[in-house]
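Quick caveat, the model's predicted, so the values are computed rather than measured. Just so it is clear, the values below take in all heavy atoms, side chains as well, and ignore hydrogens, waters and symmetry mates.
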Amino acid sequence: MQIDENMTFETAIARLEEIVRLLESGNAPLDVSLSLYEEGVALVRLCSSRLDNAQQRVKILTLGEDGNRVEQDMPGGAADGTR
């Protein structure tokens with residue numbers, strides 16, 4: 001199943017929820033259920049990738065006073081609410 005890589009995270013989640021409802025209903029034939037499952041797996045991968053990328057954008061790694069690495073929210077990132 002080919003997923004549109006330009007799909008927004010929110011659109012992907014909404015489609016994934018729809019797929020879950022369709023599969024849970026048990027009304028789809030086996031071949032349709034398999035196709036829906038494959039689409040769902042692709043959507044989970046897309047969402048996971050988007051979340052990983054978002055996390056990378058809002059974290060920076062710095063050295064603390066003791067020389068150990070410290071992870072901090074990036075100034076202007078979503079975590080500090082200034083975006």
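Distance check, rounded to the nearest 0.5 Å: SG of Cys47 to CZ of Arg15 gives 12.5 Å. A distance of 9.5 Å separates CD in Glu39 from CG in Leu22, rounded to the nearest 0.5 Å. Atoms CG and OG1, from Asn6 and Thr11 in turn, are 11.0 Å apart once rounded to the nearest 0.5 Å. Rounding to the nearest 0.5 Å gives a distance of 11.5 Å between CG of Asn53 and CZ of Phe9.
Residues Arg45 and Ile3 have side chains not in contact (no heavy-atom distance under 4.5 Å, counting atoms from C-beta outward). For the pair Tyr37/Ile19, no side-chain contact is recorded, criterion being any heavy-atom separation below 4.5 Å from C-beta on.
Linking Ile, Leu, Val, Met, Phe, Trp and Tyr residues whenever their side-chain heavy atoms come within less than 4.5 Å places Val44 and Met7 in a single cluster. By the criterion of side-chain heavy atoms lying less than 4.5 angstrom apart, applied directly or through intervening Ile, Leu, Val, Met, Phe, Trp or Tyr residues, Leu46 is not grouped with Ile13; the two fall into different hydrophobic clusters. Under the 4.5 Å side-chain heavy-atom criterion for Ile, Leu, Val, Met, Phe, Trp and Tyr, Leu23 and Val32 are members of the same hydrophobic cluster.
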(request) Verify salt bridge (Lys or Arg N to Asp or Glu O under 4.0 Å) between Arg21 and Glu24, making sure each step is shown before the conclusion. (result) CA-CA 5 Å; Arg21 280 192 299 276; Glu24 285 180 341; over 6 Å; no
